[in-house]
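Report on the following structure.
Within every chain, numbering begins at 1; the chains are lettered A, B, ... in the order of the sequence lines, protein sequences first and strands thereafter. Not measured: the values here are computed from a predicted model.
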Protein chains: 2
Amino acid sequence: MSDGGTGRAARTKRADAQRNKKTLLDAAAAVFIASGVEAPVRDIAAEAGVGTGTIYRHFPTRAELIIAVYQHQVEACAQAGPALLASSPTPHTALARWIDLFVDFLVTKHGLAAVLQPDSSGFDSLHTYFLDTLAPVCAQLIDAAAEAGEVRSGLTAYELMRGVGNLCIGAEHDPRYDARRLVGLLVEGLRRPHDEAPTA
Amino acid sequence: MSDGGTGRAARTKRADAQRNKKTLLDAAAAVFIASGVEAPVRDIAAEAGVGTGTIYRHFPTRAELIIAVYQHQVEACAQAGPALLASSPTPHTALARWIDLFVDFLVTKHGLAAVLQPDSSGFDSLHTYFLDTLAPVCAQLIDAAAEAGEVRSGLTAYELMRGVGNLCIGAEHDPRYDARRLVGLLVEGLRRPHDEAPTA
DNA sequence: GACCAAACGGAACCTCGTTCCGCTAACGAT
DNA sequence: ATCGTTAGCGGAACGAGGTTCCGTTTGGTC
């Protein structure tokens, strides 16, 4: 077989390529922390000590690089959903806590929220990845809360995720704007008034 | 005196300059409707049939042009505040209606909301203009509602405006995302629970 | 050690905001 | 009506950013 010595099943990447990919991810993470997610690709290349072409060989687009950098955290957030549902007193509390997690994540990554929207000039893949990963989890929490009669119905998980994401935009450099508080209000508004009839 | 014939008090602009300014505003408005607020300056220049330099003579920056185009509507929105307060059954209702007005405005202008954030690469003036114009009105409505004991305290008009603006981002090309609904939820969350003590 | 495709680096390209500057023509003075 | 001044104009040029291209380097194989 043409399987490389290191190799698992199929075609293994060349050693320097693997090394570069990791170097790039580390460099990108560092630059994102230092300069925000909107940092120029060239800066990341410089930090990693590679040419710009190398970045594009590994990540077809800036958005893919961002996805790769945050993938683990997004997945961790997704996995926290069921756990919170199990450990929280009520589903609405679980939902609120889970959203807090998400907000903390977004708010601490400079500029990430801003780039989460569809058609943000080629950032569709980012938007899609985040939403595809997290919306199902969110839906599960919403459904649980709805079944418990704690929230109004009619709001989709997609909408809620987008709303929360939007509220987090620009929170990082503006001391006058507290995204957490607004998200809290939104989640509070989601709560079904006691006099309102359940849908189910 | 060096006062022009047409002139009011001081130096009057040349006739062609005034004409071009109006042409530019019209062209910009048309292009914004057709292609969104993010349309390239060159497109606007082309639509108006002038060179790009001409745009910059009249509007030092893209943001200033956008401000000029929407100035009337923003001011109309600001003026609607007191009127709504007078004509609505309760201050919270007035606030909700006024915010609806603002949301309708934002949602119908493709991409406007997205450009309303601070440091959106040189769009600070836009952010400042919108907030300076509308936040005081919003504050008046919030205060009235707070005095009536209808809303929680602690949220600034600035924060609310930014939150609402953020929620409107990207609402225009995404049928799955209804900004109005989310803003409605937010305003609902603002309502003070009946069992909560007033602050004042 | 030689060969070859995978990977690399970075110049080049495109778009977009903004600036610069030589030319045009509006307008007040005569 | 003509002239001179200069506001105003057009669009080339610049810089920044994402992405592509291609000649060169190099890891892996025989």
Taking atom [atom2] of [N] as reference, at what distance in whole Å does atom [atom1] of [X] sit?
X	N	atom1	atom2	result
A:L24	C:dC8	CG	C1'	11 Å
A:I55	C:dA7	CD1	P	16 Å
B:L65	C:dC16	CG	C1'	15 Å
A:R57	C:dG9	CZ	C1'	9 Å
A:N20	D:dT26	CG	P	12 Å
A:R62	C:dT15	CZ	C1'	16 Å
A:F59	C:dA7	CZ	P	13 Å
B:H58	C:dT18	NE2	P	16 Å

Relative orientation of the end axes in the helix from C:dG1-D:dC30 to C:dT30-D:dA1, expressed as an angle to the nearest 10° (five pairs per end):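 Its terminal axes enclose an angle near 10°.
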Is the backbone of [Y] close enough, under 3.5 Å, to the side chain of [X] for a donor and an acceptor to pair up by distance?
X	Y	answer
A:R162	B:D178	no
B:T23	B:R19	yes
A:R152	A:G189	yes
A:Q18	A:K13	yes

N/O (side chain, [X]) to phosphate O (OP1/OP2, [N]) under 4.0 Å:
X	N	value
A:T61	D:dT19	yes
B:Y56	C:dT18	yes
B:T54	D:dG10	yes

Under-3.5 Å donor-acceptor pair between A:T52 side chain and C:dG10 base: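 It does, because a donor-acceptor pair links the side chain of A:T52 to the base of C:dG10 below 3.5 Å.
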Qualifying ring-ring contact (aromatic ring centres under 6.0 Å, His included) pairs, either residue in residues 72-117 of chain B, two or more places apart: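 Sorted result for residues 72-117 of chain B: B:Y70-B:F105, B:H110-B:H173.
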Partners meeting side chain to side chain contact (heavy atoms under 4.5 Å, CB included) with B:Y129 (sequence neighbours left out):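 For B:Y129, the residues satisfying side chain to side chain contact (heavy atoms under 4.5 Å, CB included) (neighbours in sequence not counted) are B:I67, B:Q71, B:V74, B:E75, B:T133.
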B:R176 and A:E159: CA distance, side-chain angles, deciding distance, salt bridge (Lys or Arg N to Asp or Glu O under 4.0 Å) verdict: CA-CA 7 Å; B:R176 288 183 300 168; A:E159 252 174 331; over 6 Å; no
What's touching nucleotides 24-27 of chain C from the protein side, N or O pairs under 3.5 Å?
residue	atom	partner	partner atom	Å
C:dC27	OP1	B:A15	N	2.7

Counterpart residues, ring pair (Phe, Tyr, Trp, His ring centres under 6.0 Å), relative to B:F59 (two or more places apart):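 If we apply the ring pair (Phe, Tyr, Trp, His ring centres under 6.0 Å) test to B:F59, skipping adjacent residues, there are no hits.
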Donor-acceptor side-chain pairing of A:T128 and A:S125 below 3.5 angstrom: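 No donor-acceptor contact under 3.5 Å links the two side chains.
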Side chains of A:D174 and B:Y158, donor plus acceptor under 3.5 Å: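 Short answer, yes.
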Per B:V50 side chain, nearest of listed nucleotides D:dG10, D:dT19, D:dA12: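 It is D:dG10.
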Stretch residues 29-49 of chain A: residues that reach within less than 4.0 Å of DNA chain C through a heavy atom: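 The answer is A:R42, A:G49.
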Trace of the side-chain contact (heavy atoms from CB on, under 4.5 Å) decision for A:K109 with A:E172: CA-CA 8 Å; A:K109 313 295 179 261; A:E172 48 270 359; over 6 Å; no
Close side-chain approach of B:Y177 to A:T156, heavy-atom, < 4.5 Å: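 SC-SC contact between B:Y177 and A:T156 ruled out.
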